[in-house]
Amino acid sequence: MASVTYENVSKSFGDVVAVNDLNLKIPDKEFLVLLGPSGCGKTTTLRCLAGLEEISEGSIYIEDRLVNDVPPKDRDIAMVFQSYALYPHMTVYNNMAFGLKLRKTPKAEIERRVKEAATILHIEELLDRKPKQLSGGQRQRVAVGRAIVREPKVFLMDEPLSNLDAKLRAQSRAELAKLHQRLETTFIYVTHDQMEAMTMGTRIVVMRDGVVQQVDPPHELYNLPTNVFVGGFIGSPAMNFFDVTLVAEDGEFHADGGSFRLQVPSERKAVLEDYVGKQLVLGIRPEDVHDKDYAPPLKNATELEVGVDVLELMGNEIFLYLVTGEKSFIARVDPRSKARVGDKMPVMVNLDNVHLFDRDTEKVIRAIR
C-alpha cells in the first residue's frame with residue numbers, strides 16, 4: 001500500500017501543455033477521482049504516474065520513492081484501461097495470470113492469486129472462457145482481476161466503465177467501491193462522468209485545461225464550488241448562472257438580474273461590501289428552485305414569477321425549463337407539481353444555497369449558505 005505525491009508536475013506535447021504545475025498528495029488507501037471534460041489532462045496525469053508518459057517537469061513519488069526514471073514495470077502499480085486490453089487468444093485464467101508468469105511467480109502462487117481474485121469478482125465460472133465469449137461487464141471484471149492479482153501498491157483506472165450500458169455502469173460503480181474497501185489499496189480513477197466521481201471518490205480532483213480547479217470530498221465540491229467552472233460542471237442538471245448587479249437598498253444587499261431581484265441574507269453582507277455596484281455571477285442549483293405550492297419550509301427564500309417553457313417528467317421529480325425576462329433556467333420540482341407548458345407560476349428560491357462569483361475572475365466570493 002502506498003501514498004502518491006505529485007510535486008510541480010508538468011507535461012507538454014510540443015506547445016500544448018497537458019498538465020500544468022500539478023501538486024497533489026494522495027494518502028494511502030484513498031479512492032481519488034480525476035474528473036474533468038475531454039482534453040483536461042486527467043488521463044495524462046494518470047499515465048505520467050504509470051510511467052507511460054515522461055513528465056516534462058517536476059517529481060512523482062510512490063511512498064517516499066522518486067519514480068521519475070523508474071520503468072513502468074518496476075513502479076508496483078497496476079492499470080485498468082478503457083479498452084480492457086485483454087489477449088483474445090488466451091483464456092480468462094491465462095489473461096489474469098500472464099503478468100505473474102512473466103515475473104516468474106511460482107505456479108502455486110499464481111493459482112492462489114487468480115482464484116482469489118476470481119472469487120472477489122464473482123467470475124470463477126469464466127476462467128476457461130476466452131474474451132470473445134464474455135459480455136462487456138464480464139470483460140471489465142477480468143481486466144480488474146488482472147490488476148488485482150499483481151497485488152500492486154496503487155491501482156490506476158482510466159475510464160474502465162465507459163463501454164458499459166447505463167444499468168451495468170451503476171452496478172459496476174458499487175462493485176468497484178466495495179472492491180476498494182475490501183482491498184484497502186490506493187485507487188486513482190479517471191472519468192469524465194460526474195456520477196461516477198461523486199458516488200465512488202473519497203476526494204475528487206476537478207481539472208480544466210491541465211490545471212487543477214478544486215480538490216475536495218464530493219459533498220464539499222458540490223456545496224462549496226471554488227469557481228464558476230466547478231459549480232457548472234458538478235451537478236445534473238447543471239447549476240443555473242445569472243449575470244447580476246449587487247445593489248444596496250435600505251441597508252440590505254440585493255442581487256439584481258433585471259427581471260428579478262434576490263435579497264442577500266443579512267449574515268453574508270460583510271463579505272460583499274466591496275462588491276456593491278459591481279456585476280457578479282449568481283449561481284442557483286435547480287433543486288433550490290421550488291414550485292411554491294410544494295416548497296419545503298425555507299429560512300431564507302424569495303418568490304419569483306416565471307414562465308414555463310418546457311416540462312420533463314422524470315418520475316420521482318419534474319424538470320421545469322423556466323423563463324424570467326430573457327433568461328432561461330432549470331428547476332427540479334416536486335412530482336406533484338401542477339405546472340404546465342405556457343403557464344405563469346410562482347417559484348420559491350432558497351437563498352441559503354445560492355452562490356456568488358466574481359465576474360472577472362470567476363472565483364467564488366462566498367457560497368451563501
Side-chain angles (χ1 to χ4, degrees), residues 1-11 18-36 40-81 99 103 113 116-117 120 143-160 173 175-191 196-207 210-221 226 230:
M1 313 311 168
S3 62
V4 172
T5 304
Y6 291 84
E7 286 187 359
N8 306 113
V9 171
S10 295
K11 172 61 181 177
V19 179
N20 191 355
D21 195 24
L22 173 65
N23 287 280
L24 185 62
K25 175 74 173 180
I26 306 166
D28 181 26
K29 301 179 183 178
E30 183 169 48
F31 196 130
L32 185 92
V33 178
L34 299 173
L35 175 68
C40 73
K42 55 189 185 297
T43 292
T44 301
T45 298
L46 199 73
R47 290 174 63 86
C48 287
L49 174 58
L52 302 178
E53 299 287 355
E54 184 178 347
I55 64 175
S56 304
E57 296 178 23
S59 303
I60 297 178
Y61 295 87
I62 298 178
E63 289 185 313
D64 297 324
R65 181 191 183 198
L66 180 66
V67 297
N68 287 23
D69 299 319
V70 176
K73 65 183 180 64
D74 297 326
R75 294 194 181 196
D76 205 1
I77 55 94
M79 191 162 180
V80 180
F81 297 92
R103 293 173 174 237
R113 292 193 192 184
E116 186 176 288
I120 290 173
V144 173
R146 185 175 56 188
I148 289 175
V149 299
R150 295 270 307 278
E151 297 183 353
K153 291 181 177 178
V154 183
F155 283 94
L156 308 181
M157 298 190 174
D158 188 7
E159 305 204 40
R173 287 199 304 264
E175 290 176 352
L176 284 177
K178 290 179 184 177
L179 180 64
H180 172 251
Q181 294 170 4
R182 181 165 181 173
L183 296 178
E184 296 187 331
T185 310
T186 306
F187 276 48
I188 304 176
Y189 188 101
V190 163
T191 184
E196 288 183 13
M198 297 292 283
T199 54
M200 292 194 297
T202 309
R203 285 189 305 157
I204 300 172
V205 180
V206 181
M207 298 185 70
V211 178
V212 171
Q213 303 293 304
Q214 187 170 352
V215 184
D216 268 317
H219 66 282
E220 290 189 24
L221 203 69
T226 192
V230 175

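The shown structure was predicted, so the numbers you read here are calculated from the model rather than taken from an experiment.
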Exercise. Applying side-chain contact (heavy atoms from CB on, under 4.5 Å) between M157 and each of V80, L46, T191, V33, report the one that passes.
Key: V80
Practice problem: Report the C-alpha separation of L32 and V4 in whole Å, then their side-chain angles, then the decisive distance to 0.1 Å, and conclude whether the side chain to side chain contact (heavy atoms under 4.5 Å, CB included) test is met. | Solution: CA-CA 11 Å; L32 185 92; V4 172; over 6 Å; no
Exercise. Quick one: pull up CE in M207 and OG1 in T45 and give me the separation to the nearest 0.5 Å.
Key: 3.5 Å
Quiz prompt | Student check: side-chain heavy atoms of L176 and E196 closer than 4.5 Å | solution = no
Exercise. Answer yes or no: are there more than 12 heavy-atom neighbours, outside D69 itself, under 6.0 Å from its atom CG?
Key: no
Self-check item: Non-hydrogen atoms of A50 and P72 that approach each other most closely
Solution: O-CB, 3.3 Å
Quiz item: Just by distance, do the side chain of N23 and the backbone of N8 share a donor-acceptor pair under 3.5 Å?
Solution: yes
Quiz item: Atom CZ in R182, atom CD in E175: separation rounded to 0.5 Å?
Solution: 12.0 Å
Quiz item: Quick one: salt bridge (charged side-chain N to carboxylate O under 4.0 Å, His left out) partners of E151, sequence neighbours excluded?
Solution: R112, R113
Quiz item: Passes side chain to side chain contact (heavy atoms under 4.5 Å, CB included), S10 versus V19? Steps please.
Solution: CA-CA 5 Å; S10 295; V19 179; 5.7 Å; no
Practice problem: Walk me through it: do I60 and N68 pass the test side chain to side chain contact (heavy atoms under 4.5 Å, CB included)? | Solution: CA-CA 6 Å; I60 297 178; N68 287 23; 4.1 Å; yes
Self-check item: salt bridge (charged side-chain N to carboxylate O under 4.0 Å, His left out) against R75, all qualifying residues, sequence neighbours excluded
Solution: none
Practice problem: Hey, can you tell me if F155 and F187 have their rings parallel, tilted or perpendicular (30° and 60° cut-offs)? | Solution: tilted
Practice problem: Taking Y189 for its side chain and M200 for its backbone only, find out whether a donor-acceptor pair lies under 3.5 Å. | Solution: no
Practice problem: Using the test salt bridge (charged side-chain N to carboxylate O under 4.0 Å, His left out), find all partners of R47 that sit at least two apart in sequence or belong to another chain. | Solution: E53
Quiz item: M79 pairs by side-chain contact (heavy atoms from CB on, under 4.5 Å) with which of V154, L49, L52?
Solution: L52
Quiz item: Could you give the distance from CD1 (I204) to CE (M198), rounded to the nearest 0.5 Å?
Solution: 5.5 Å
Quiz prompt | Closest contact, heavy atoms only, P152 versus A147 | solution = CD-O, 3.5 Å
Quiz item: side chain to side chain contact (heavy atoms under 4.5 Å, CB included) between L24 and V212: does it pass, once the steps are laid out?
Solution: CA-CA 9 Å; L24 185 62; V212 171; 6.0 Å; no
Practice problem: Would you give the length of the straight line joining atom CZ of R150 to atom CD1 of I77, rounded to the nearest 0.5 angstrom? | Solution: 6.5 Å
Practice problem: For the residue pair F31 and H180, categorise the inter-ring angle as parallel (less than 30°), tilted (30 to 60°) or perpendicular (more than 60°). | Solution: perpendicular
Practice problem: Please report the closest heavy-atom contact between S59 and V9, naming both atoms and the distance. | Solution: O-CG2, 3.3 Å
Quiz prompt | Point-to-point distance, once rounded to the nearest 0.5 Å, from NZ of K25 to CD of E30 | solution = 11.0 Å
Practice problem: Determine yes or no for a side-chain-to-main-chain donor-acceptor pair under 3.5 angstrom, with K42 supplying the side chain and G36 the backbone. | Solution: yes
Practice problem: For the pair D21 (side chain) and G58 (backbone), establish whether a donor and an acceptor sit closer than 3.5 Å, ignoring hydrogens and angles. | Solution: no
Exercise. Could you tell me which non-hydrogen atom of T186 sits nearest to which non-hydrogen atom of P27, and how far apart they are?
Key: OG1-O, 3.9 Å
Self-check item: Shortest non-hydrogen separation from K11 to S56 and the atoms involved
Solution: CA-OG, 3.5 Å
Self-check item: Interatomic spacing from NZ in K29 to OG1 in T185 - rounded to 0.5 Å
Solution: 8.5 Å
Self-check item: Minimum heavy-atom distance between V149 and R146, given as atom pair plus value
Solution: CG2-O, 3.1 Å
